[in-house]
Amino acid sequence: NNGCVSSDSIVITVDTIPVVLITPFGSEFCENASAVTMNASPMGGSWMLNGNAHNNSFNPSALVAGSSNRVKYSYVDGNGCSNSDSVDITIDPLPVVTFVLDSNKVCSNGNEINLSGALPLGGLYSGTAVNNSKFNPNGLTAGAYTLLYTYTDVKGCVNSAEDMMNVVSPSLISIAP
């Protein structure tokens with residue numbers, strides 16, 4: 001103990017972690033939805049989809065209907081500090097739509113007929129000579145006409161089915177004297 005004192009000091013810099021945010025782009029998509037570009041800040045990070053490296057394009061039609069998928073964006077700043085943000089996205093299946101006309105043959109001079117035979121109920125019929133869920137063959141030339149039934153479910157997913165309506169010329173009856 002000779003009365004000597006020694007000291008040392010060190011400066012510690014504590015960097016803040018970067019704030020990382022995925023720009024909201026939706027949490028549910030129909031299975032046939034178009035691809036969307038994902039954005040996040042700060043730029044320059046990396047994307048993952050379900051644990052696999054991915055680009056910044058999210059394509060619902062490439063994923064399984066009914067599945068839940070995790071998108072993660074990670075960023076490392078110049079100080080080596082990292083952070084990430086993630087979102088869970090559900091892929092909704094399309095509604096199952098069927099359309100089989102109750103009667104698919106009508107005369108070209110016939111009356112307007114109510115269309116039916118499509119499920120689920122609540123969709124829209126469309127096609128040549130279709131108006132307000134009715135088919136009007138009057139004035140059509142003989143032939144096959146494609147009719148479409150389109151249904152939108154509560155999640156906004158749209159699907160359709162089609163059937164053919166056959167328009168025939170009326171038979172000519174001649175009465176001999």
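As the structure is a prediction and not an experimental result, all values here were calculated from the model.
How far OG of S103 is from NZ of K105: 9.5 Å, rounded to the nearest 0.5 Å. The distance from atom CE of M43 to atom CG of N56, rounded to the nearest 0.5 Å, is 9.5 Å. Distance check, rounded to the nearest 0.5 Å: CG of D92 to OG of S67 gives 9.5 Å. Atoms OG1 and CG, from T98 and L119 in turn, are 4.5 Å apart once rounded to the nearest 0.5 Å. Between the NZ atom in K72 and the CG atom in N52 there is a gap of 12.5 Å [rounded to 0.5 Å]. Rounded to the nearest 0.5 angstrom, I17 CD1 and S84 OG are separated by 9.0 Å.
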Item to complete: Check the pair S116 / D102 against side-chain hydrogen bond (donor to acceptor under 3.5 Å, both in side chains), numbers first and verdict last.
Response: CA-CA 6 Å; S116 60; D102 294 335; 2.3 Å; yes
Discussion item. Does N55 form a side-chain hydrogen bond (donor to acceptor under 3.5 Å, both in side chains) with S57? I'd like the steps, not just the answer.
Written reply: CA-CA 6 Å; N55 58 28; S57 179; 4.6 Å; no
Worksheet entry | Test side chain to side chain contact (heavy atoms under 4.5 Å, CB included) applied to V87 and R70, step by step | CA-CA 6 Å; V87 293; R70 176 160 285 196; over 6 Å; no
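Inter-residue side-chain proximity for N69 and I91 is flagged as met; some heavy-atom pair is nearer than 4.5 Å.
Under a 3.5 Å cut-off, the side chain of D77 and the backbone N or O of N79 do form a donor-acceptor pair.
Within 6.0 Å of atom CG in N111, 12 or fewer heavy atoms from other residues, nucleotides or ligands are found, so the atom counts as exposed in its surroundings. The environment of N132 atom CG is sparse: at most 12 non-hydrogen atoms of other residues, nucleotides or ligands sit within 6.0 angstrom.
Nearest heavy-atom pair across G110 and P137 is O-CG, 3.7 Å. Here the shortest heavy-atom pairing between P93 and D153 reads O-OD2, 4.0 Å.
Listed by chain and number, the hydrophobic cluster partners of M165 are V97, F99, L101, V106, I113, L115, Y125, V130, F135, L140, Y145, L147, Y149, Y151, V167, where partners are ILVMFWY side chains within reach of under 4.5 Å, directly or through others. The hydrophobic side chain of V168 is isolated, with no ILVMFWY side chain under 4.5 Å apart from it.
Note on Y73 and M38: same hydrophobic cluster, where clusters join Ile, Leu, Val, Met, Phe, Trp and Tyr whose side-chain heavy atoms are under 4.5 Å apart, directly or indirectly.
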Hey, can you pull the donor-acceptor pairs under 3.5 Å for the side chains in residues 18-37, sequence neighbours left out?
| unit_1 | atom_1 | unit_2 | atom_2 | d |
| --- | --- | --- | --- | --- |
| T23 | OG1 | N39 | O | 3.4 |
| E28 | OE1 | K155 | NZ | 3.1 |
| E31 | OE2 | L94 | N | 2.9 |

